[in-house]
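Working notes, structure below.
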Amino acid sequence: MAKEITKRSEDYAQWYIDVVLKGDMADYSPVKGCMVIKPNGYGVWENIQRNLDRLFKETGHVNAYFPLFIPESFLKKEAEHVEGFAPECAVVTHAGGKPLEEPLVIRPTSETIIWSTYKNWINSYRDLPILINQWANVCRWEMRTRLFLRTTEFLWQEGHTAHATHEEAEEETFKMVNVYKRFAEEFLAMPVIAGKKTDHEKFAGALHTYCIEAMMQDGKALQSGTSHHLGQNFAKAFDVKFQDRDKELKYVYASSWGVSTRLIGGMVMCHGDDNGLVIPPKLAPLPVVFVPIWRSDEERDLVLGRARELTCDWDLPFFKIDDRDQYKPGFKFNYWEIRGVPLRVEIGPRDCHNRQVVVARRDTGTKTPVPMEGLRATLERMLDEMQRALFAAANERLECRTFTLDDYDEYRSAVEEGGFFRIHWCGNEDCEKRLHVETKSTIRCIPFDAAEESGKCLLCGRPSTRRVIAAQAY
RNA sequence: CGGGGUGUAGCGCAGCCCGGUUAGCGCGCUUCGUUCGGGACGAAGAGGCCGGUGGUUCAAAUCCACUCACCCCGACCA
């Protein structure tokens with residue numbers, strides 16, 4: 001049994017911290033709110049990058065890089081945007097041993113620097129669309145931070161696209177939130193609700209924001225990705241016009257979309273258990289670990305020799321043979337379990353004689369004897385099964401803990417227990433605020449697949465045409 | 001910004017009230033030996049300006065003042 005990890009049932013927040021630290025994903029840094037991402041955590045991020053990047057490329061996007069420093073004046077050009085971000089910006093006032101003439105903001109997001117650049121790139125409708133993504137770090141000075149979920153500096157990708165028409169920008173915005181949904185479900189094995197944010201929750205400077213919302217094991221919602229239709233707001237702020245086919249000068253339409261290292265926190269809270277991390281196979285830095293078992297030197301040679309033979313033509317990040325002498329097998333079992341490795345292959349003298357190994361699955365703990373013959377293919381199959389099992393379990397949890405409610409008193413007590421609540425809302429911001437103040441929950445999104453349904457607002461009783469998702473959130 | 005903690009070996013802690021040998025314990029680490037199918041054991045070692053500054057005192061990890069930092073919990077946010 002895993003020592004040192006707080007049980008989920010005792011203290012979910014502490015469990016999360018324990019798992020991240022003991023799972024060797026991250027460390028605290030000397031600077032408040034910042035974190036060191038260790039190889040076991042960064043490896044997950046690399047796999048997120050690799051796979052998501054492919055999806056971006058497949059939808060026609062290219063990567064570029066824009067600078068970390070942004071002139072302070074740029075940020076002030078879009079009124080709503082500056083209001084949203086100013087309080088959480090870090091500003092560089094000195095450099096080269098002297099005060100700077102104009103302070104430099106460390107990017108909290110890159111809309112302003114990018115649109116000031118796009119201005120120079122766009123003249124004609126022939127220059128459109130621009131479909132650029134960048135992988136970068138950003139800084140937001142948050143009051144309260146949590147490893148991966150909310151850190152002062154975090155890693156993310158931000159797509160910034162420019163289009164000739166509103167419709168085209170809308171299509172892009174919608175397309176990308178669906179790319180996120182697909183990625184979350186297929187790779188993170190994390191089911192999500194895709195939908196539209198309320199005006200109150202949308203991105204500062206956007207016409208509207210689409211999002212994916214995931215449910216953690218404690219029933220709280222985690223906003224896991226956002227896609228914004230920026231309309232002409234940034235084009236107007238930065239004076240980005242193009243000459244259209246009809247010879248008219250028009251402002252460009254924009255979208256932006258992003259996911260961050262927060263996804264790793266979501267992965268932890270979606271799949272982890274009381275023994276530590278559980279990493280979905282498709283994102284595991286190390287999918288398979290071999291734990292050889294021996295007593296004598298002869299057995300050691302036999303077992304290690306056989307393990308090496310079995311894996312001699314395997315590609316490296318796929319597996320590792322833990323041949324450390326100083327630890328007993330039992331220790332190694334726990335060591336790799338805490339770190340979330342999906343499959344463990346136990347191979348001892350008995351196995352060598354039977355021409356088999358024992359494979360243990362991280363999520364279920366089940367041990368299965370497997371013939372050495374065709375081992376690689378069997379492991380691939382088991383990884384695939386585990387990936388699907390993780391999604392199925394998470395999806396079942398999402399379904400079981402999604403409730404349809406029409407009584408406010410009932411809601412108030414129920415929402416504290418966690419879960420998603422399908423409620424009627426009139427669309428009024430006052431009701432939304434009241435919900436937040438009185439229940440500490442928020443309207444997470446208006447799901448795309450919400451059917452037309454007439455009802456009464458949970459709070460004020462006025463008419464509503466469809467249900468929204470409300471929940472407590474991270 | 002409020003509320004609560006914590007700073008003593010790499011990690012986790014004791015010692016502090018009641019000042020006084022060479023500052024301890026567990027884990028980890030090093031070496032040797034025995035072990036090895038769910039967190040092994042023995043022996044011998046290495047490792048500290050007790051968060052910082054300034055006081056009080058013959059004497060400070062311990063008392064006083066100031067200060068810095070980090071963590072956790074609440075209001076804002078990906």
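As judged by a 4.0 angstrom heavy-atom cut-off over every strand, A/Gly33 is placed among residues touching the sugar-phosphate backbone only. If you check every strand for non-hydrogen atoms under 4.0 Å, A/His228 touches nothing.
With a cut-off of 3.5 Å on both Watson-Crick or G-U wobble distances, the partner of B/rG24 is given as B/rC13. B/rG48: no Watson-Crick or G-U partner with both key distances under 3.5 Å is found in any strand. Pairing of B/rC32, defined by two Watson-Crick or G-U wobble distances under 3.5 Å, is identified with B/rG42. Look at B/rG2: its Watson-Crick or wobble partner, with both distances under 3.5 angstrom, is B/rC73.
Centroid-to-centroid, the aromatic rings of A/Tyr210 and A/Phe448 come within less than 6.0 Å. The aromatic ring centres of A/Phe148 and A/Trp45 sit 6.0 Å or more apart. The six-membered or imidazole ring of A/His160 lies away from that of A/Phe66, with a centre-to-centre distance of 6.0 Å or more.
We find that OH of A/Tyr327 is positioned 18 Å from P of B/rC36, with the value rounded to whole Å. Atoms CZ (A/Arg150) and P (B/rG74) sit 10 Å apart, rounded to a whole Å.
Not a single donor-acceptor pair, N or O on each side, falls under 3.5 Å between the base of B/rG74 and the side chain of A/Lys440. For A/Arg295 against B/rC36, a side-chain-to-base donor-acceptor contact under 3.5 Å is absent.
In this model, no donor atom of one side chain and acceptor atom of the other lie less than 3.5 Å apart for A/His229 and A/Ser255.
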